[in-house]
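Keep in mind that the numbers below use all heavy atoms, side chains included, and drop hydrogens, waters and symmetry copies.
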Amino acid sequence: MWKVVENKSQCCGCGACVEVCPSNAITMVEDGEGIPYPKIDEKKCIDCGRCEDVCPMAYEAKEMPGQVYLGVQAKEDAIRFTSASGGFFPVLARDILAKGGVVFGAAMEAGGKVVHRDIQTIEGLSALQTTKYVQSDLKGCYRKVAQYIEKGRQVLFTGTPCQCQAVKRYLGGKPENLLLADLVCYGAPSPGIWRKYVRELEKKYGGRLTGFNFRDKRGKDNGHTIALHIDNKEYTWPMQKDSYCRIYFRNYTLRPSCHECRFCTVNRESDITMGDFWGIENVRPELDDGMGNSMVILHTRKARESWESIKESFRYFTCQKEDVLQPRLCTPTPKSSRRKRFMLLNRFLAVSTAEKLLRY
């Protein structure tokens, strides 16, 4: 019997085990913290071991020779201004789509649920661009990726490093027509707590949530403005005043596995790593205009070839590993001593009320 579910810190919630199980013996079930974990029906389990084989938590970082470190900024302002960082992802995605490929990424549905989906047109790209501080649901994605790969389509899959590793293990390797691009990830927070917060916002503003931008750039503040859409009305406020963002960045709501993350390193098995270029003011201050810059690491030959086809769309520079290092490329997000207390309060109080009580 698969043992990973006996220790919650050893499950990243990718759901690959559910997709690979030949007897449909595994389902994802949220615990009391609103965090999903696999649950095994022992009556259906045939002990084939495929769930264990596909689990990305067995990952061990190894030195990656030949990596290229970049700082990039999309030349087209419209692309950069609607992206969380410097616009690297949408330019890469457009190139894949222009070649008849498929792009997978996280999108927010009406009502706030965050799911991974595939797009095949530029019109669908905007839904995947913005940052979502919520763990996405990958239900059905692994099989879709496999189907497109088998048909010979070029596939770009973007996600957290554990999700990308899960895709690789599900496929049994990295096919030539698959490009994996992972994110510099702070950690995956509880979907149940986000869902509860959405209900609070809908009640407060009297409507249905149709959009939530965690990193709106209208303030030219590197995306530290919240933009909420309820029906046809928009509401904005600073990120630091948002209750959900405060509990997220105070480390109250992350999965236990995030505090022991194996992927907090520059050595990853994806083709590309991308994220905000924090600290660019110390490396290239002339590019620090408050509208975002991307940090990009090219790990593989495929990544370098992809870069060659899109690099003219950017203002960019090469740099050293030391220039791009940031906390989540070195160590996991530390666990808060107040996490347990918040989770207890959250069982009985509104998210915003529980957060307010923990300020004192």
Enumerate donor-acceptor pairs with a distance under 3.5 Å from any side-chain N or O in residues 316-326 to protein atoms, sequence neighbours excluded.
{"unit_1": "D323", "atom_1": "OD2", "unit_2": "Q320", "atom_2": "N", "d": "3.0"}
{"unit_1": "Q326", "atom_1": "NE2", "unit_2": "D276", "atom_2": "O", "d": "3.1"}

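- From D216, atom CG reaches atom CG of D221 across 8.0 Å, with rounding to the nearest 0.5 Å.
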Table please: side-chain donor-acceptor pairs of residues 19-29 below 3.5 Å, with sequence neighbours left out.
{"unit_1": "E19", "atom_1": "OE2", "unit_2": "G140", "atom_2": "N", "d": "3.0"}
{"unit_1": "S23", "atom_1": "OG", "unit_2": "K44", "atom_2": "O", "d": "3.0"}

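- H116 meets the ring pair (Phe, Tyr, Trp, His ring centres under 6.0 Å) test with F157; sequence neighbours excluded.
- Rounded to the nearest 0.5 Å, atoms CD (Q10) and CD (E260) are 6.0 Å apart.
- A salt bridge links R218 with E234; the closest basic N to acidic carboxylate O contact falls under 4.0 Å.
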Next on the checklist: With side chain to side chain donor-acceptor pair (under 3.5 Å) as the criterion, how do N251 and Y186 come out once you've worked through the C-alpha distance, each side chain's angles and the decisive distance to 0.1 Å?
Outcome noted: CA-CA 9 Å; N251 309 340; Y186 187 84; 2.5 Å; yes

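- Checked against the 6.0 Å centroid threshold, W194 and Y248 do not count as a close aromatic pair.
- Listed for the Q73 side chain is a donor-acceptor partner under 3.5 Å among the backbone atoms of L287.
- Close placement of the Y133 and F249 rings is indicated, their centers lying within 6.0 Å of each other.
- Crowding of K144 atom NZ: a count of heavy atoms from other residues, nucleotides or ligands under 6.0 Å not exceeding 12.
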Report all side-chain donor-acceptor pairs from residues 83-99 shorter than 3.5 Å, counting only partners two or more places apart or in another chain.
{"unit_1": "S83", "atom_1": "OG", "unit_2": "I79", "atom_2": "O", "d": "2.7"}
{"unit_1": "S83", "atom_1": "OG", "unit_2": "Q129", "atom_2": "NE2", "d": "3.0"}
{"unit_1": "S85", "atom_1": "OG", "unit_2": "S294", "atom_2": "OG", "d": "3.1"}
{"unit_1": "D95", "atom_1": "OD2", "unit_2": "K99", "atom_2": "NZ", "d": "3.0"}
{"unit_1": "D95", "atom_1": "OD2", "unit_2": "S309", "atom_2": "OG", "d": "3.1"}

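- Taking the side chain to side chain donor-acceptor pair (under 3.5 Å) definition, one finds that R169 meets it with nothing, sequence neighbours left out.
- By the side chain to side chain donor-acceptor pair (under 3.5 Å) test, T353 is found to be paired with no residue, residues two or more places apart in sequence or in another chain being considered.
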